Trainee: 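Could you have a look at this structure, given as structure tokens, before my questions?
The figures that follow rest on heavy atoms only: side chains count, while hydrogens, waters and symmetry mates do not. All figures in this text were calculated on a predicted structure; none of them were measured in a lab.
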Amino acid sequence: MDNITRMRKQLRSMGPIYDWQRETICCEPEYYRWNQWLFLQFYRAGLAYRTRAPVVWCPSCQTVLANEQVVDGACERCDTPVTRREMEQWFLRITRYADELLDFSGLVDWPEKILVMQRNWIGRSAGAEVHFDISHLGLAERTLPVFTTRLDTIYGVTFMVLAPEHPLVPKLTTPERRREVEAYVEEARRKSDIERLSTEREKTGVWLGSYCVNPLNGEKVPIFTADYAVAWYATGAVMGVPAHDQRDFEFAHKFGLPVRVVIAPPGWSGGELSEAYVGDGSMVNSGPFNGVPNREGMARLADYIQQQGAGKSALVYRMRDWLISRQRYWGTPIPMVYCDACGVVPVRDQDLPVLLPPDAEFKPTGESPLKYHQGFLQTTCPQCGRPARRESDTMDTFFDSSWYFLRYTSPREQARPWDPSMVQKRLPVDKYTGGAEHAVMHLLYARFFTKALRDMGLVFYSEPFLRLFNQGVVIAAGAKMSKSRGNVVTPDPYVEHLGADVVRCYLMFVGPWDRGGEWSDTGINGIARWLNRVWDLMLRGAPVPTTSGPRDGAADAEATRTLGRRVHQTLRRVYQDLDKFKFNTAIAALMELSNTLQDAWEQGRVTAEAWNDAIEKFLLMMAPLAPHLAEELWERTGRPYSIHTLLYPKWDDALTAEEQITLVVQVNGRVRDRLQVPAGIGEEEAKRVALESANVRRHLDNKQVAQVIYVAGRLVNVVTG
RNA sequence: GCCGAGGUGGCGAAACGGCAGACGCGGCGGACUUAAAAUCCGCUGCCCGCAAGGGCGUGUGGGUUCAAAUCCCACCCUCGGCACCA
């Protein structure tokens with residue numbers, strides 16, 4: 001709660017416009033009861049389930065994590081290398097939506113980068129599942145399924161690899177190999193994901209002592225376990241084709257396994273390969289498929305194994321179901337009850353929320369602190385009324401953020417999570433901003449929630465955020481500048497010394513908003529100086545006519561028109577820039593206008609009326625960028641509170657048009673002269689004045705003029721023969 | 001390795017087929033001051049030239065075009081993402 005108060009204060013100090021009426025606090029029962037309600041909806045829809053699986057474990061946080069929350073083999077939150085554990089946990093069936101999540105057609109404008117990241121993450125891969133026969137071993141399992149995208153290489157299989165965690169590993173291990181295999185599996189389990197990830201590592205593995213049979217050619221191939229096969233992907237088993245897969249090639253060399261070429265490389269004379277050949281070619285050593293181009297062979301083999309009952313075409317996804325249980329105290333209790341008689345029973349809707357007890361004890365046990373809180377744990381079964389235990393794990397906080405925008409539409413709703421009519425009115429979100437680091441977490445989860453809720457009839461659209469804009473990161477002293485991460489440099493002291501408007505404008509001005517930039521102390525002074533000049537300029541009052549210089553009515557009228565033109569040009573530029581999130585150029589445009597105003601004031605040739613109009617429009621343009629200063633100046637120049645309730649002024653295209661233009665004159669594409677000409681100059685006239693230019697004549701040097709290009713309102717290019 | 005974004009003055013950056021370097025920082029010179037800070041004015045891509053003017057310049061090499069930072073091809077480098085995914 002202290003955190004929230006501090007955060008609220010920091011946010012407010014920067015002067016943004018938030019509707020604080022809609023603030024929702026995820027850790028309060030008013031919010032998390034709806035997490036629980038939604039969880040039960042997912043459960044009823046078959047989208048939430050509990051199962052035992054090798055899950056990612058963070059030894060420092062003492063909790064399991066979702067795959068999405070592992071960055072480079074380390075915990076997203078604390079950077080500790082993660083390990084794996086076999087545990088019974090709650091999952092959301094996001095994989096059911098894998099294909100729909102790959103369809104981005106419902107989005108209006110998302111950065112390509114994010115789409116690519118999501119696409120990679122989901123990792124759809126088309127291939128075939130082939131069943132290698134193990135019936136001779138007399139196990140319950142009669143076949144060993146493997147997934148391959150290279151069915152065309154199946155005649156080249158010379159070994160089989162199972163991931164160390166593969167459930168068949170113990171069963172396929174012969175007694176004389178057992179000791180060695182168990183040692184290897186144990187070692188693999190202890191290794192962090194980081195160690196196992198390294199591509200540089202030499203291949204390791206152990207033969208299990210047993211064989212399986214290739215259903216295509218009836219050959220016996222030895223079964224190994226090796227950690228280059230990963231348990232959670234596809235079937236956790238790899239068919240080893242050393243001739244046509246570099247990893248298998250390396251493994252075969254290490255263990256002296258045969259390398260059999262089944263796709264002939266171009267110009268191949270039957271000799272040994274120095275590395276795996278992964279390209280296309282004709283099939284060889286492949287029984288009835290010899291001579292068939294491998295692409296075609298792949299399709300025919302798929303039909304063939306299907307007919308033989310030895311396999312089928314298969315789609316495999318890299319993405320796993322979303323593991324949402326956490327062994328943390330903070331988080332929403334998962335509203336489930338374990339009853340010895342009835343099994344796993346959901347808490348009844350009317351009994352929600354399941355409250356988080358305020359007095360749990362923290363122990364580094366690797367289990368939820370709630371597990372030791374008897375008052376919380378002991379309950380009765382909603383079905384039979386007998387004593388039962390509550391689920392003690394809590395939900396991933398990404399559950400909260402997957403639907404908060406729905407709650408924003410009706411935050412005080414008591415009887416339901418949101419008011420559908422308000423959702424109808426406000427959502428989906430037109431424009432959403434956030435960092436790219438959320439690509440495969442929040443942004444993917446929120447898309448999944450939306451689609452799942454749509455299928456439950458709870459919302460009526462398919463994408464939560466139509467447009468997405470990634471803001472960049474501001475780097476200060478080598479570290480990401482942030483409000484939440486407790487960093488070396490925070491903007492707070494600058495807000496205190498120079499004011500929020502200076503910090504805001506500086507952050508906008510450093511560079512393109514989506515790229516972030518480097519914090520610079522001298523740079524921010526530039527903005528502070530500019531805003532000081534603006535302050536002074538705005539409060540100066542209309543210029544008094546100067547006594548020096550040309551003083552006639554025509555000159556004054558022209559100066560006044562020019563000022564108006566600059567104002568309207570700036571209105572257009574700033575509007576368009578803000579619309580495109582190009583804050584840096586919007587501020588540059590305002591700087592130019594303030595320079596223009598400064599000059600106009602010094603020359604003292606514009607009317608008071610034009611001056612006041614310019615000041616007013618300037619302040620209105622400044623309002624979204626420097627809201628505090630704009631409001632203060634608005635009041636000090638005698639205007640009624642509040643500037644922030646007014647509309648951005650409309651520009652008049654007619655008033656933005658220049659009277660004079662600079663006509664660029666080129667000879668053979670090189671600029672040789674610039675002429676001031678009336679804006680409405682015609683083609684003939686423009687070419688004529690261009691050819692008359694002394695500079696042009698000198699460069700033509702009596703050469704034949706072959707062509708004269710005219711670009712209206714811009715340039716004339718004289719081309720010689 | 002694969003995918004994405006990007007390479008422009010001393011620096012942050014504009015321009016996205018038509019005047020490269022807007023705007024700001026820094027630097028240099030000047031005004032004010034006993035002095036400094038602050039402020040204000042002027043200059044500031046590089047090279048030649050007293051000047052007028054000229055040459056060279058947007059990572060590298062080619063190409064398209066009257067005209068390329070901008071479009072096309074190849075390559076180099078930086079940053080971000082994915083990566084033993086079968």
Trainee: Checking contacts here: which listed nucleotide (G81(B), G24(B), A15(B)) is nearest the side-chain heavy atoms of Met117(A)?
Mentor: G81(B)

Trainee: Take the protein atom CZ of Arg697(A) and the nucleotide atom P of G53(B), then report the distance between them rounded to whole Å.
Mentor: 17 Å

Trainee: Whole-Å distance between C25(B) C1' and Met508(A) CE?
Mentor: 18 Å

Trainee: Remember a base hit wins even if backbone is also touched, and classify Pro512(A) as base, sugar-phosphate or nothing at under 4.0 Å, heavy atoms.
Mentor: sugar-phosphate

Trainee: Could you check whether Phe104(A) and Trp110(A) have their ring centres less than 6.0 Å apart?
Mentor: no

Trainee: Using a 4.0 Å heavy-atom cut-off across all strands, classify Gln666(A) as base, sugar-phosphate, or nothing.
Mentor: base

Trainee: Expressed in whole Å, how much space separates the P atoms belonging to C11(B) and C46(B)?
Mentor: 12 Å

Trainee: Both distances below 3.5 Å, Watson-Crick or wobble geometry, any strand: find the nucleotide opposite G80(B).
Mentor: C3(B)

Trainee: Taking only the C1' atom of each, what is the distance from G61(B) to A51(B) in whole angstrom?
Mentor: 39 Å

Trainee: For a quick check under 3.5 Å, do Gln569(A) and Arg572(A) share a side-chain donor-acceptor pair by atom type?
Mentor: no

Trainee: Between Leu675(A) (CG) and G18(B) (P), how many Å, whole number?
Mentor: 20 Å

Trainee: Just checking Arg674(A): base, sugar-phosphate only, or nothing, at a heavy-atom cut-off of under 4.0 Å?
Mentor: base

Trainee: Would you classify Asn584(A) as touching base, sugar-phosphate or nothing, given that sugar-phosphate means primed atoms plus P, OP1 and OP2, and contacts are heavy atoms under 4.0 Å?
Mentor: sugar-phosphate

Trainee: Which of these nucleotides, C56(B), C66(B), A13(B), is closest to any side-chain atom of Val719(A)?
Mentor: C66(B)

Trainee: Write down the distance between NZ (Lys113(A)) and C1' (C2(B)), rounded to a whole number of angstrom.
Mentor: 17 Å

Trainee: Assuming nearest nucleotide by heavy-atom distance, tell me which of Arg698(A) and Ala588(A) is located more 5' along RNA chain B.
Mentor: Ala588(A)

Trainee: Under a 3.5 Å cut-off for both contacts, is U58(B) paired Watson-Crick or G-U wobble with anything, and if yes, with which nucleotide?
Mentor: none

Trainee: Is there a Watson-Crick or G-U wobble partner for U8(B) with both distances under 3.5 Å, and which nucleotide is it?
Mentor: none

Trainee: What does Gly526(A) touch in the nucleic acid at a heavy-atom separation under 4.0 angstrom: a base, only the sugar-phosphate, or nothing?
Mentor: sugar-phosphate

Trainee: Determine the Euclidean distance between corresponding P atoms of U65(B) and C75(B); express it in Å to zero decimal places.
Mentor: 24 Å

Trainee: Can you tell me how far P in U44(B) sits from the matching atom in U33(B), rounded to whole Å?
Mentor: 28 Å

Trainee: Using the P atom on both, measure A13(B) against C77(B) and round to a whole Å.
Mentor: 22 Å

Trainee: Closest to the Thr148(A) side chain: A86(B), A14(B), C82(B)?
Mentor: A86(B)

Trainee: Take atom CG of Leu115(A) and atom P of C82(B), then tell me their distance rounded to the nearest Å.
Mentor: 15 Å

Trainee: Just name whichever nucleotide pairs with A51(B), Watson-Crick or G-U, keeping both distances under 3.5 Å, else none.
Mentor: none

Trainee: According to the Watson-Crick and G-U wobble definitions, with both distances under 3.5 Å, which nucleotide is paired to C71(B)?
Mentor: G63(B)

Trainee: For G18(B), does OP1 or OP2 lie under 4.0 Å from any side-chain N or O of Asn717(A)?
Mentor: no

Trainee: Centre of Trp232(A)'s six-membered ring, under 6.0 Å away, within 45 degrees of the axis: is that where NZ or CZ of Arg320(A) sits?
Mentor: no

Trainee: Quick check on Gln676(A): does its CD atom have over 12 non-hydrogen neighbours (other residues, nucleotides or ligands) under 6.0 Å away?
Mentor: yes

Trainee: Under 4.0 Å, counting only non-hydrogen atoms across every strand here, what does Asn668(A) touch: a base, just sugar-phosphate, or nothing?
Mentor: nothing

Trainee: Rounded to whole angstroms, how far apart are CZ on Arg714(A) and C1' on G18(B)?
Mentor: 6 Å

Trainee: Taking the side chain as every heavy atom from C-beta outward, state whether Pro242(A) and Leu257(A) have any pair of such atoms under 4.5 Å apart.
Mentor: no

Trainee: Pick the P atom in C23(B) and in G4(B), then give their distance to the nearest Å.
Mentor: 37 Å

Trainee: With a 4.0 Å limit, can you tell me whether Arg529(A) has a side-chain N or O closer than that to the phosphate oxygens OP1/OP2 of C25(B)?
Mentor: yes

Trainee: Which nucleotide sits closest to the side chain of Asp227(A): G18(B), C84(B), G12(B)?
Mentor: C84(B)

Trainee: Taking atom P of G24(B) as reference, at what distance in whole Å does atom CG of Asn532(A) sit?
Mentor: 15 Å

Trainee: Checking side-chain polar atoms at under 3.5 Å, does Trp530(A) have a donor or acceptor matched by the opposite partner on Ser594(A)?
Mentor: yes

Trainee: Are OP1 or OP2 of G54(B) and a side-chain N or O of Arg670(A) less than 4.0 angstrom apart?
Mentor: no

Trainee: Taking the nucleotide of RNA chain B with the nearest heavy atom to each, does Asp248(A) or Asp577(A) sit closer to the 5' end?
Mentor: Asp577(A)

Trainee: Just to confirm, is there a sub-4.0 Å distance from OP1 or OP2 of A15(B) to any side-chain nitrogen or oxygen of Lys582(A)?
Mentor: yes

Trainee: Need one value for Arg533(A): base, sugar-phosphate or nothing, where a base atom within 4.0 Å counts as base even if backbone is also close, heavy atoms only.
Mentor: sugar-phosphate

Trainee: Could you tell me how far C73(B) sits from C79(B) if I compare only their C1' atoms? Round to whole Å.
Mentor: 24 Å

Trainee: Can you tell me the pairing partner of G42(B) across any strand shown, Watson-Crick or G-U wobble, with both distances under 3.5 angstrom?
Mentor: C28(B)

Trainee: Report the glycosidic orientation of G9(B): syn if within 90° of 0, anti in every other case.
Mentor: syn

Trainee: Go through the side-chain N and O atoms of Asp521(A) and Tyr494(A) and say whether any donor and acceptor fall under 3.5 Å apart.
Mentor: yes

Trainee: Please check the phosphate of G54(B) (OP1 and OP2 only) for any side-chain N or O of Arg672(A) closer than 4.0 Å.
Mentor: yes

Trainee: Using distance alone, with no hydrogens and no angle criterion, decide if Arg698(A) and Asn695(A) have a side-chain donor and acceptor under 3.5 Å apart.
Mentor: yes

Trainee: Taking only the P atom of each, what is the distance from A38(B) to G45(B) in whole angstrom?
Mentor: 24 Å

Trainee: Give the nucleotide from the list G4(B), C40(B), G26(B) with an atom nearest to the side chain of Val116(A).
Mentor: G4(B)

Trainee: Please state whether the phosphate of G54(B), meaning OP1 or OP2, lies under 4.0 angstrom from any side-chain nitrogen or oxygen of His699(A).
Mentor: yes

Trainee: With a 6.0 Å cut-off on ring centres, are Phe251(A) and Phe249(A) close enough?
Mentor: no

Trainee: Nearest whole angstrom, please: distance from the C1' of G12(B) to the CD1 of Ile527(A).
Mentor: 11 Å

Trainee: Would you say Asn595(A) reaches A22(B)'s phosphate, i.e. side-chain N/O to OP1/OP2 under 4.0 Å?
Mentor: no

